[in-house]
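Notes follow once the structure below has been shown.
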2 protein chains.
Amino acid sequence: MEADTPRIEEYLESIYKLQQVQHPVTTSRLAEHLKLSPPSVSEMMKKLYGKGLVNQIGKGVCLTEEGNSIAKKVIRRHRLSERLLTDILGYGWDEVHDEACKLEHAISPEMEARIEESLGNPETCPHGYPIPDKDGVIKKENLRPLSELKASEKATIVSVFEEDPKMLQYLSSLGMLPRATISVEEVAPFGGPLIVCVSGSRYALGREVASKIKVR
Amino acid sequence: MEADTPRIEEYLESIYKLQQVQHPVTTSRLAEHLKLSPPSVSEMMKKLYGKGLVNQIGKGVCLTEEGNSIAKKVIRRHRLSERLLTDILGYGWDEVHDEACKLEHAISPEMEARIEESLGNPETCPHGYPIPDKDGVIKKENLRPLSELKASEKATIVSVFEEDPKMLQYLSSLGMLPRATISVEEVAPFGGPLIVCVSGSRYALGREVASKIKVR
DNA sequence: ACAATTAGTTAGGTAATCCGAAACATTTAT
DNA sequence: ATAAATGTTTCGGATTACCTAACTAATTGT
Ligand SMILES: [Mn+2]
Ligand SMILES: [Mn+2]
Ligand SMILES: [Mn+2]
Ligand SMILES: [Mn+2]
């Protein structure tokens with residue numbers, strides 16, 4: 001209906017992302033994620049509500065059908081941009097998030113289609129997340145966080161939920177990339193770290209980090 | 001010094017482009033090119049003057065040293081974007097201008113360098129214009145407009161100064177692309193059309209169009 | 001229960017861009 | 001010399017998207 005601005009796209013994208021973790025998304029988490037003041041977010045939430053893009057659930061907010069649909073379009077462009085950056089321009093997976101976050105607002109539907117085709121219809125972004133198809137359909141798979149594996153379990157890394165370049169660099173330096181095979185050697189009790197084995201080497205991983213790594 | 005917004009970049013880019021044709025650039029031509037109202041342009045010119053990016057020459061305006069330098073950076077990103085679109089994503093030269101005009105504001109210095117490298121350090125955009133190097137240096141060549149050739153002269157097309165997709169489509173359908181060899185068969189008097197020969201076929205070309213085609 | 005902390009909203013502002021209407025200025029054509 | 005056309009700027013107004021300070025509501029520790 002309405003013309004969505006890049007900023008609205010950016011808010012919807014963030015809400016979508018935060019929803020994966022914590023359902024009704026709060027003002028403060030959004031403000032934190034977008035690096036804006038709470039009042040700015042509060043104000044924008046009212047606008048999004050007025051446009052029918054979010055519903056107010058208690059104190060928080062969640063995407064409506066339409067908000068979700070727009071968010072998925074933005075995410076499609078984001079993930080295709082990331083792939084363009086890694087596959088064609090030679091970026092590392094730790095360097096693409098911020099660039100893609102700007103690019104995604106400068107990509108026309110035509111360009112979106114061409115990127116997809118030129119890349120050979122990739123299924124996921126460099127972090128293992130599925131790229132929504134042009135109708136917004138996402139292949140969802142039931143994945144477990146690495147942090148829930150028991151000792152001696154083996155699995156394949158599917159995705160890494162992380163935007164921080166330093167963390168991504170660290171993980172790839174350990175070989176913990178999508179498709180890598182990982183096995184859990186030990187699980188320390190009381191929320192302690194996991195001892196995991198990746199391509200022959202053993203590492204200790206905090207639960208926090210491990211929970212962001214999804215495996216199959 | 002100051003943070004230049006995408007809009008300022010866009011104005012400087014337009015001024016640069018219009019300067020090639022008509023030296024002190026007037027409010028109305030700028031408004032026309034940018035598709036904005038004259039008051040908007042008038043206001044922005046005051047701001048650019050305040051920032052030391054343009055000088056006021058009589059009724060019009062022209063870029064200062066600094067304004068020129070910024071414009072060239074924008075144009076570098078624009079032309080690199082165009083090449084990315086044609087060489088990697090398979091766009092036609094008639095489809096890239098508007099896309100590049102958005103992309104150019106979403107490209108970091110890092111990405112700029114990577115595009116250049118991935119494309120094999122291209123010298124020109126798809127329309128034959130030189131891509132400024134990272135220090136803003138442009139290889140300038142002394143070119144003649146096709147409209148000034150005399151009958152029976154032969155030349156090579158270097159660049160086509162045109163943004164209109166329809167016109168570009170038309171020209172490429174005649175094979176009038178950069179690097180094509182063209183010969184002038186006849187020049188009608190009193191500003192009439194030229195009869196030219198490109199790859200074996202003869203066409204009549206208006207002076208207006210011919211003046212936008214630069215040859216060597 | 002009550003003060004301290006945390007979270008969210010209201011109020012009031014600012015900066016960047018754009019617009020239309022109207023006032024000026026400058027040309028150009030009677 | 002005048003009137004008409006053309007181009008430019010001034011003015012007032014709108015929109016979007018931020019912010020800080022202050023206030024309110026909800027939670028939490030003692
Ligand atoms: Mn983004
Ligand atoms: Mn990703
Ligand atoms: Mn542009
Ligand atoms: Mn070009």
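Worth knowing before you read on, the calculation uses all heavy atoms, side chains too, and leaves out hydrogens, waters and symmetry mates. As the structure is a prediction and not an experimental result, all values here were calculated from the model. Every chain is numbered from 1, with letters handed out A, B, ... down the list of sequences.
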Partner of Glu66(A) by side chain to side chain contact (heavy atoms under 4.5 Å, CB included), out of Leu53(A), Leu12(A), Val54(A): Leu53(A)
So, OP1 or OP2 of dC18(D): does either fall under 4.0 Å of a side-chain N or O from Tyr11(A)? yes
If you take the centroid of each ring, where Trp contributes its six-membered ring, are His127(A) and His97(A) closer together than 6.0 Å? no
Between dA16(C) atom P and Glu10(B) atom CD, what is the distance in whole Å? 18 Å
Atom of Leu149(B), atom of Val184(B) and distance for their closest heavy-atom approach: CB-CG2, 3.7 Å
Quick note, Ser37(B) side chain, CB onward, closest among dA17(D), dC19(D), dC19(C) is dC19(C)
Between C1' on dA25(D) and CD on Gln56(A), what's the gap in Å once rounded to a whole number? 16 Å
Would you tell me if any nitrogen or oxygen in the side chain of Ser42(A) comes within less than 4.0 Å of OP1 or OP2 on dT9(C)? yes
Euclidean distance, atom NZ of residue Lys47(B) to atom P of dA15(C) [Å, nearest integer]: 10 Å
Between dA17(D), dC18(C), dT10(C), spot the one nearest the side chain of Arg7(A), thanks. dA17(D)
Euclidean distance, atom CG of residue Leu34(A) to atom C1' of dC19(D) [Å, nearest integer]: 15 Å
Arg29(A) CZ to dG8(C) P: how many Å, rounded? 10 Å
Ranking dC18(D), dA21(D), dA17(D) by distance to the side chain of Pro39(A), first place goes to dA21(D)
Is it the case that the side chains of Tyr91(A) and Glu99(A) hold a donor-acceptor pair, with the cut-off being a distance below 3.5 Å and no angle test? yes
Closest to side chain of Glu43(A), choosing from dA16(C), dC19(D), dT10(D): dC19(D)
Using the side-chain heavy atoms of Lys46(A), tell me which of these nucleotides is nearest: dC19(C), dT9(D), dT10(C). dT10(C)
Can you check whether Leu168(B)'s main-chain N or O pairs, donor with acceptor, with Trp93(B)'s side chain at less than 3.5 Å? yes
I need the residues from residues 13-28 of chain A with at least one non-hydrogen atom less than 4.0 Å from DNA chain C; give them sorted by number, or say none. Thr26(A), Thr27(A), Ser28(A)
Thinking salt bridges, do Glu13(A) and Arg77(A) make one under a 4.0 Å N-O criterion? no
Answer with base, sugar-phosphate or nothing: what part of the nucleic acid does Lys59(B) contact at a heavy-atom distance below 4.0 Å? nothing
Proximal nucleotide (of dA16(C), dC19(C), dC19(D)) relative to the Ser40(A) side chain: dC19(D)
CG of Leu48(A) versus P of dT9(C): gap in Å, rounded? 13 Å
In whole angstrom, what separates Met44(A)'s CE from dT10(C)'s P? 16 Å
Could you give me the CA-CA distance, side-chain angles and deciding distance for Glu163(A) and Lys17(A), then say whether salt bridge (charged side-chain N to carboxylate O under 4.0 Å, His left out) is met? CA-CA 11 Å; Glu163(A) 295 174 358; Lys17(A) 198 151 199 173; 2.7 Å; yes
Roughly how many Å is it from CG in Leu36(A) to C1' in dA15(C), rounded to a whole number? 16 Å
